[in-house]
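First listed ligand is number 1; within each ligand, the first listed atom is number 1. Note: hydrogens, waters and symmetry copies are ignored here, and every other heavy atom, side chains too, is used.
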Amino acid sequence: MNISVVGGGPSGMMAAHGLAESGYSVDVYEENSQVGIPCHCTGLVTKVLWDLIPRQHNLILNELKGVCVHAPNGKEVTIPLQEFVLDRAGLDKFLADRAVKAGVNLHTEHRFLQFEGKDTVFKFKNDSVKKHSNIVIGADGARSAVGKAAGLLNRRKYYFGIQVTGTGKFDPDIFHVWFGKVCPDFFAWVVPESSTVARVGIASQHQPQRFFEPFMQKHVKTVLSYQGGPIPSFCEMSHVGGSDPRVYLVGDAGGLVKNTTGGGIITGMLSGKLCADAITNEKNYETLLKPLTKELWIHQKLRDTMNKFDDEDHNRLIMSLQDEKVKGILSSHPREYPSKFLFKLLLAKPTLTQFMKHLF
Ligand SMILES: Cc1cc2nc3c(=O)[nH]c(=O)nc-3n(C[C@H](O)[C@H](O)[C@H](O)COP(=O)(O)OP(=O)(O)OC[C@H]3O[C@@H](n4cnc5c(N)ncnc54)[C@H](O)[C@@H]3O)c2cc1C
């Protein structure tokens, strides 16, 4: 049986690697000439990444010790957290090299165009190339052409992230996030690579450039490079497999991101792993994904709630984070699994329930 994976990012390479290890013939088709380039990501991850791959010291550009959360009224709270700033292109290359070692055939400069009967059509240089495959895994990112061709993207909404890597003066141990008027429907961030270089960005559904420019001017002395791109919004109604049983979606293609942060590296990799498991062991992929989609559903509800906040709500919520018990709970639970700490938070700080009114 031949399996085609469209997209050579982390989600696709996790699926490809797992399938090749199980003995399948796997081809990965990537539209760019090198995996991981251009980069469109901040590369911030929790230690949950090391549950999926062995810890790669050479991919860690900076190890952070905490997050400073800024409220619209100018107050701030710092919470101890262990996070990693990755060489994101390096991560993609590491996963691609590992997949190729396991037997995956990587075809760069192949852009998925469409399905034609049982064939999958790619553009390679100026030609169109037809491939026959029994299964096609769409791992082609937020705007997934595979998902679109399979009719799976109908309800999708997007945020747009804009970021620069730039020079300035930064505390290398702490990353910062700003909520409220700086970027009303998401947040703004400064994630240091070192004391002199940071990744500075915002994401928003509407006019991200308008919020980005003043924020960037404030924090960056010299721009070294630009990154950016669409971030899909997870929706409980999304599907990762459709009426065509050949097609599966993983990672951003399947909308499998945390709506609170826009983070999708770990959740995408996990979905790739589960997709390989589903195919290998003839299990239902959507069923295997349930524990993950349950967590993403919670992130979705939290995002929906926060998007109804005014600045006063943000001020009150951020000030509740000063509570030492709250800090302790947030420090010791990775954000990938909110079901494991949400009730603990509500028990530790019952006033947090006041924000639940925004859910309805
Ligand atoms: C500004 C910004 C900052 C972010 N910061 C973080 C962060 O700090 N932490 C985090 O966890 N997440 C972050 N994300 C999200 C994260 O980048 C994605 O969730 C992650 O890259 C998803 O991996 P993926 O493999 O599913 O998709 P991608 O990494 O997007 O990979 C898709 C691959 O498919 C290829 N492709 C696309 N179309 C085709 C086609 N038609 N044919 C062939 N190949 C194709 C692309 O070239 C790409 O290589 C950020 C996103 C943005 C926009």
Side-chain angles (χ1 to χ4, degrees), residues 4-16 27-46 48-49 52 64 83-86 88-89 91-93 95-96 106-114 120-124 129 131 136-149 158-165 175 177 186-189 191 199-204 208 212 226-234 240 249-272 275 296 334-336:
S4 293
V5 177
V6 180
S11 314
M13 284 303 178
M14 282 298 280
D27 292 275
V28 173
Y29 299 94
E30 164 57 48
E31 69 176 351
N32 290 315
S33 56
Q34 287 179 58
V35 294
I37 297 172
C39 171
H40 53 75
C41 185
T42 314
L44 185 67
V45 290
T46 66
V48 173
L49 181 67
L52 293 168
L64 299 167
E83 306 260 333
F84 302 90
V85 184
L86 295 182
R88 173 57 210 268
L91 172 71
D92 289 27
K93 188 168 177 331
L95 293 171
L106 172 61
H107 311 267
T108 53
E109 296 182 68
H110 278 69
R111 182 152 68 91
F112 170 86
L113 292 179
Q114 62 199 52
T120 310
V121 186
F122 295 91
K123 184 164 187 260
F124 174 61
V129 183
K131 306 274 178 183
V136 177
I137 298 176
D140 49 342
R143 295 212 181 273
S144 178
V146 172
K148 207 168 170 194
Y158 296 91
Y159 286 86
F160 297 90
I162 312 184
Q163 176 183 276
V164 295
T165 300
F175 71 101
V177 289
F186 205 73
F187 61 89
W189 63 86
V191 175
R199 300 168 182 184
V200 175
I202 64 113
S204 173
F212 176 67
Y226 284 87
Q227 298 84 37
I231 301 172
S233 173
F234 172 79
V240 290
L249 300 182
V250 296
D252 275 19
L256 299 167
V257 301
K258 300 181 289 266
N259 287 4
T260 48
T261 64
I265 298 174
I266 290 174
T267 51
M269 287 171 65
L270 184 55
S271 70
C275 184
L296 297 182
R335 58 181 166 273
E336 274 73 27

Which protein non-hydrogen atom lies closest to atom 19 (O) of ligand 1, naming both residue and atom, and how far is it?
-> D252 OD1, 2.7 Å
Spatial distance of atom OG1 (T108) from atom OH (Y29) [nearest 0.5 Å] | 12.0 Å
Single hit among Y158, Y159, F212 for ring pair (Phe, Tyr, Trp, His ring centres under 6.0 Å) with F186 = Y159
Minimum-distance protein heavy atom relative to atom 15 (C) of ligand 1 = G262 O, 3.5 Å
Full working for side-chain contact (heavy atoms from CB on, under 4.5 Å) between M269 and L95 = CA-CA 10 Å; M269 287 171 65; L95 293 171; 4.1 Å; yes
Backbone or side chain, does any N or O of G43 fall under 3.5 Å from an N or O of ligand 1?
-> yes
Contact atoms of ligand 1, heavy-atom distance to A139 under 4.0 Å = 32 (C), 33 (C), 34 (O)
Contacting atoms of ligand 1, where contact means under 4.0 angstrom from a heavy atom of R111 | 40 (C), 41 (N), 42 (N), 43 (C)
Measuring from the heavy atoms of G201, does anything fall under 4.0 Å of ligand 1?
-> no
Identify, by atom number and element, the atoms of ligand 1 in contact range of G251, meaning under 4.0 Å from any of its heavy atoms.
-> 26 (O)
For atom 44 (N) of ligand 1, what's the nearest protein heavy atom and its distance?
-> E31 N, 3.2 Å
Using heavy-atom distances, let me know which of R88, H40, E336 sits nearest atom 20 (C) of ligand 1.
-> R88
What protein heavy atom sits nearest atom 5 (N) of ligand 1, and how far off is it?
-> T42 N, 3.1 Å
Could you check atom 8 (O) of ligand 1 against the protein and tell me its nearest heavy-atom contact, residue, atom and distance included?
-> L44 N, 2.9 Å
Test of proximity, D92 against ligand 1: N or O pairs below 3.5 Å = no
Does an N or O from P10, backbone or side chain, lie closer than 3.5 Å to an N or O of ligand 1?
-> yes
Atoms in ligand 1 flagged as close to V6, the criterion being non-hydrogen separation under 4.0 Å | 42 (N), 43 (C)
Nearest neighbour in protein (non-hydrogen) for atom 37 (C) of ligand 1 = D140 O, 3.3 Å
Compute the shortest N/O to N/O distance between G264 and ligand 1 and return yes if it is under 3.5 Å, no if not.
-> yes
Numbered atoms and elements of ligand 1 in range of H110, under 4.0 angstrom, heavy atoms | 42 (N), 43 (C)
Under 3.5 Å, is there a donor-acceptor pair linking the side chains of T165 and Q227?
-> yes
Would you call G229 a ligand 1 contact, heavy-atom distance under 4.0 Å?
-> yes
Atom 26 (O) of ligand 1: nearest protein contact (heavy atom, Å) | S11 OG, 2.7 Å
Could you tell me whether some N/O pair between I231 and ligand 1 is separated by less than 3.5 angstrom?
-> no
Not counting sequence neighbours, which residues clear ring-ring contact (aromatic ring centres under 6.0 Å, His included) with F124? List them please.
-> H110
Has Q227 got any heavy atom lying under 4.0 angstrom from an atom of ligand 1?
-> no
Could you list the atoms of ligand 1 found under 4.0 angstrom from a heavy atom of Y29?
-> 43 (C), 44 (N)
How close does the nearest protein non-hydrogen atom get to atom 49 (O) of ligand 1, and which residue and atom is it?
-> E30 OE1, 2.6 Å
Atoms of ligand 1 under 4.0 Å from any heavy atom of I265, numbered from 1 in the order shown, are 9 (N), 10 (C), 11 (O), 12 (N), 19 (O)
